[in-house]
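Single-structure report; data block below.
All values reported here derive from a predicted model rather than from experimental measurement.
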Amino acid sequence: MRDEALPQVGQHKGCVSGKDIILNTSERNGFALIYVLAVGVALLILGGILLQIVGRQHEEVGHFYESQTALYLAEAGIGFTIQAVRQEFEEKNVGGTFSPLVCLLTQEGTVPKTSITGFFDDSWSYDLGRFAGEVDPSAGITVDSYFEKFEATETDPKAWVDPVAKKGVMTIRATGEFRGVSRTVVVRRPVLMANMLPPLVTKFSLRMQDACKGNADRFNTMQNDYDGRYIEGDRPMIVYSHTLPDDPFLPKPIQEPEPGNIFEKRGWIWLGGEEISLHLTAGAQQFGEIFQLFQIPEPGRFKAIKFVTPLSLLPAAFSSPELLPCDSATGGEIRTIAYQFGHSLLLDGFHDRSSTMEHRAMYEGNLLLPADEARYGSKASSLHIFGDVRKGFQSRTRILGNVNSAFIRFGKLDIEPQDVDIAAAFSAVSPPPLYFLPSIESFDFAPEKKIQEFLGREVGGPIMKIGDLFPRFDEYAGNMSRIVEVPCAKMYNFMGETNLLSEQRSFPPSNDPLSLDDGKNLELRRNGQIIFRESVSGSHDIEIIRKRIQCKLPTPEDFWNRFFHKNDGILRLNTTASILNSDRQPCVFPPPDFPIPIEMEGSGMILLEKGNLILRGERLGNALSAITIVAPDADTVTLESCDQHHINIVAPRARLVMREPCKIYGSVEVGDLLQSPNGKGGSIAYREIQDPTREEADGMDYRVFYRACLADSDRSWHE
């Protein structure tokens, strides 16, 4: 019963037979094999693709490497060319000589498109090839460089005309080759050709925009004695409008006589358009000015120069001998003899004391009016615009504008007795008889007033009254002693008379080469060509200088890092550099940790865009160098620390301050000079080689300061 209840194997409805199990296993193994084969094929295909991609990437990387190497070679060609041009522009463009490449740019006007590769020396080609060979035997560099698009930039007479000044571009096309791959780079870089001297300024020893400051007498603050020795007040600023015999660059030998137009070759002076009055200083010593009108046989001893009044300007009594009684020291019988009269003027300066009078010596003898004493006192000018005591170096210069010179003019009668005995008595007196004509007011004039010998001596001179020679006051006033104030142009003209013999000097002067010039229609020419025609006050200097800038630097420190050579301690500058100085801190030149005076070489301009300027001492290495500092925003330019400054200064708004007695060799443009009770004083000595109107046969003129300058950055870059 139990056995019947058990089902038979294989007969149950839910069971599979052994045959079915074997068939299912075979099917599964077949599918797995197919799957494995499919995966293998896929991996094989992917591996092939990957291998192909890697190969292509390898090829592309190799091509990129070759292309980049070719590009680097092309860039190297650019760099080699720029270095070669800089060498031509700077190292071979000094000392007044120009390289052939620079000579190409010195021609006037435009410059045609010109290949410049041939101007480089053989070392350039050799270095270029050697560099390529060091990279790879297959490497090569090909360079084609040329000047193009050069146009004149300074052509307006109201601003400045320089036919040589021009701007253009240097185009460099460089191709680098490496393992069959080539790359080409085209660069355009601006080029400037210009003179490194500031326009207009270097025609002047001193340009001041506002010397008056509302007070025409503001410089008349100094007191000195008859020898020109300082007593009190400001020490003077002396302007020498010519190269000095002891010039540190090119000492100038004495050449006499000077031509009448010598002022054309000297530095001019502009003190602004308002009226300026300068009292001339007496003496031949350090602070003397009137010494130009003295004969100096030896230092410290001088003799006044006489200026004869032409007979045509004198009353009729001077035309023939006059019969007058003569004085007699013995008290004997009064004799009447003939005297021939003449008139002359002795010029003197302002002085406070002499050997005979401790104070206000210029008024001794009652020759000058009390009104003159009240008006002029004895104070002389602390700004001396006349120059040198040595013959051949008097600063006969052109002074533009409304500038007057005040000086003492002693009117003196020249008396020549026609009697032999009286003439002998005159000759035996030392000093010779002096018959000065005292200054008197018109209401004090009386024809019966006597004219007496100045020292009260009776030497046989005439007993006469004013009316014997000058019947009217207007005739007397033109010949009496007085303090006169005349335009500086007139002062120049009778300074020129000092070269003549005594009997040939006249007042007014016989020759008037220099006429009054208010500076409103200034005209400068070079070899007949107008280079400037405009008011001297309407200067475009800053505008022109900004257009010349080729190098821009953010701070003074960047400037010194760029141009100061620490190995030999020399500042070398042959371009126009701009310093932004945005923090407006005073620019100290040179910096405090630099030696002074700083040694400088080259010709260049520095534009300090912002801030004041402090100069501590600058010295040029040779006469063919010139450095200019331009500070359009400065309120003060201070000179300190060193006694020599070989620099041109352009700071039209600034006040020039001197902390120490300083000598400036160059041209100065400032707003005005600081006047203070303890002013240190100093001097400005003009450099004639910088005169933009001169063109000497030997080339020793402004032309040596031309520079071709290559900009720091490229204008465009093409591949």
Side-chain angles (χ1 to χ4, degrees), residues 48-93 99-105 110-151 166-193 550-552 562 575 708-719:
I49 293 172
L50 181 61
L51 182 63
Q52 186 177 14
I53 291 173
V54 170
R56 287 180 180 177
Q57 286 183 338
H58 179 73
E59 290 178 2
E60 289 177 2
V61 169
H63 181 76
F64 178 77
Y65 165 72
E66 293 161 353
S67 177
Q68 283 297 107
T69 303
L71 176 61
Y72 294 151
L73 289 169
E75 291 177 353
I78 298 291
F80 270 89
T81 306
I82 290 174
Q83 179 61 30
V85 172
R86 288 199 186 280
Q87 185 177 16
E88 293 287 320
F89 280 3
E90 297 178 10
E91 296 179 17
K92 299 181 180 180
N93 183 22
S99 68
L101 182 61
V102 176
C103 287
L104 175 66
L105 298 179
T110 60
V111 175
K113 184 176 180 179
T114 306
S115 175
I116 63 173
T117 308
F119 287 90
F120 307 146
D121 58 34
D122 295 337
S123 64
W124 175 81
S125 300
Y126 174 78
D127 291 341
L128 203 62
R130 180 175 56 81
F131 176 79
E134 290 176 353
V135 174
D136 191 87
S138 68
I141 303 174
T142 304
V143 176
D144 181 21
S145 54
Y146 46 89
F147 286 158
E148 62 178 339
K149 300 180 181 179
F150 273 87
E151 299 291 340
K166 55 180 66 68
K167 280 186 178 180
V169 294
M170 176 183 68
T171 300
I172 308 173
R173 183 183 182 87
T175 300
E177 297 183 7
F178 180 71
R179 297 178 182 175
V181 178
S182 66
R183 294 289 298 273
T184 298
V185 176
V186 179
V187 168
R188 291 185 174 88
R189 181 165 289 199
V191 176
L192 168 73
M193 182 65 184
Q550 294 294 286
C551 171
K552 294 184 178 181
R562 170 75 180 273
T575 188
C709 306
L710 190 63
D712 279 357
S713 58
D714 301 319
R715 178 177 294 171
S716 56
W717 176 290
H718 304 285
E719 295 185 29

Self-check item: Counterpart residues, ring-ring contact (aromatic ring centres under 6.0 Å, His included), relative to F120 (two or more places apart)
Solution: W124

Quiz item: How long is the gap from CZ on R173 to CD1 on I78, to the nearest 0.5 Å?
Solution: 10.0 Å

Quiz item: Of the non-hydrogen atoms in V143 and I172, which two are nearest, and what is the gap between them?
Solution: CG1-CG2, 3.9 Å

Practice problem: Return the minimal non-hydrogen interatomic distance between P190 and S713, and the atom names on each side. | Solution: CD-O, 3.6 Å

Exercise. Decide side-chain hydrogen bond (donor to acceptor under 3.5 Å, both in side chains) for E148 and T171; before the verdict, give the C-alpha distance in whole Å, the side-chain angles of both, and the deciding distance to 0.1 Å.
Key: CA-CA 7 Å; E148 62 178 339; T171 300; 2.5 Å; yes

Practice problem: Go through the structure and list residues passing side chain to side chain contact (heavy atoms under 4.5 Å, CB included) with E151, not counting sequence neighbours. | Solution: T110

Quiz prompt | Any residue meeting side chain to side chain contact (heavy atoms under 4.5 Å, CB included) with K552, in chain and number order, not counting sequence neighbours | solution = I549, S578

Practice problem: Could you pull out all residues at least two apart from A708 that satisfy side chain to side chain contact (heavy atoms under 4.5 Å, CB included)? | Solution: F89, V102, L105, M193

Exercise. Would you give the length of the straight line joining atom CD1 of I116 to atom OG of S145, rounded to the nearest 0.5 angstrom?
Key: 4.0 Å

Quiz item: Pick one: which of L710, V169, V111, V85 meets side chain to side chain contact (heavy atoms under 4.5 Å, CB included) with V191?
Solution: L710

Practice problem: Kindly compute the distance separating CD (E66) from OG (S182), expressed to the nearest 0.5 Å. | Solution: 11.5 Å

Quiz item: What heavy-atom pair brings A74 and G176 nearest, and what distance separates the two atoms?
Solution: CB-N, 3.6 Å

Quiz item: Are S67 and R183 close enough, and set up right, to give a side-chain hydrogen bond (donor to acceptor under 3.5 Å, both in side chains), and what steps lead you there?
Solution: CA-CA 7 Å; S67 177; R183 294 289 298 273; 2.7 Å; yes

Quiz item: A132 and L73: which non-hydrogen atoms are nearest, and at how many Å?
Solution: CA-CD2, 4.3 Å

Quiz item: How would you list, by chain and number, every residue that makes a salt bridge (charged side-chain N to carboxylate O under 4.0 Å, His left out) with D712, sequence neighbours excluded?
Solution: R86, R562

Quiz item: For Y146, which residues count as a side chain to side chain donor-acceptor pair (under 3.5 Å) partner, sequence neighbours excluded?
Solution: none

Practice problem: List in chain and number order the residues that pass ring-ring contact (aromatic ring centres under 6.0 Å, His included) with F131, two or more places apart in sequence or in another chain; answer none if no residue qualifies. | Solution: F80

Quiz item: Among all residues two or more places apart in sequence or in another chain, which pass the side chain to side chain contact (heavy atoms under 4.5 Å, CB included) test with D136?
Solution: S138, A139, F178, R179

Quiz item: Just by distance, do the side chain of T575 and the backbone of C709 share a donor-acceptor pair under 3.5 Å?
Solution: no

Quiz prompt | Between CD on residue Q550 and NZ on residue K167, distance to nearest 0.5 Å | solution = 6.0 Å

Quiz item: Nearest 0.5 Å, what's the CG-OG1 distance between D144 and T175?
Solution: 9.0 Å

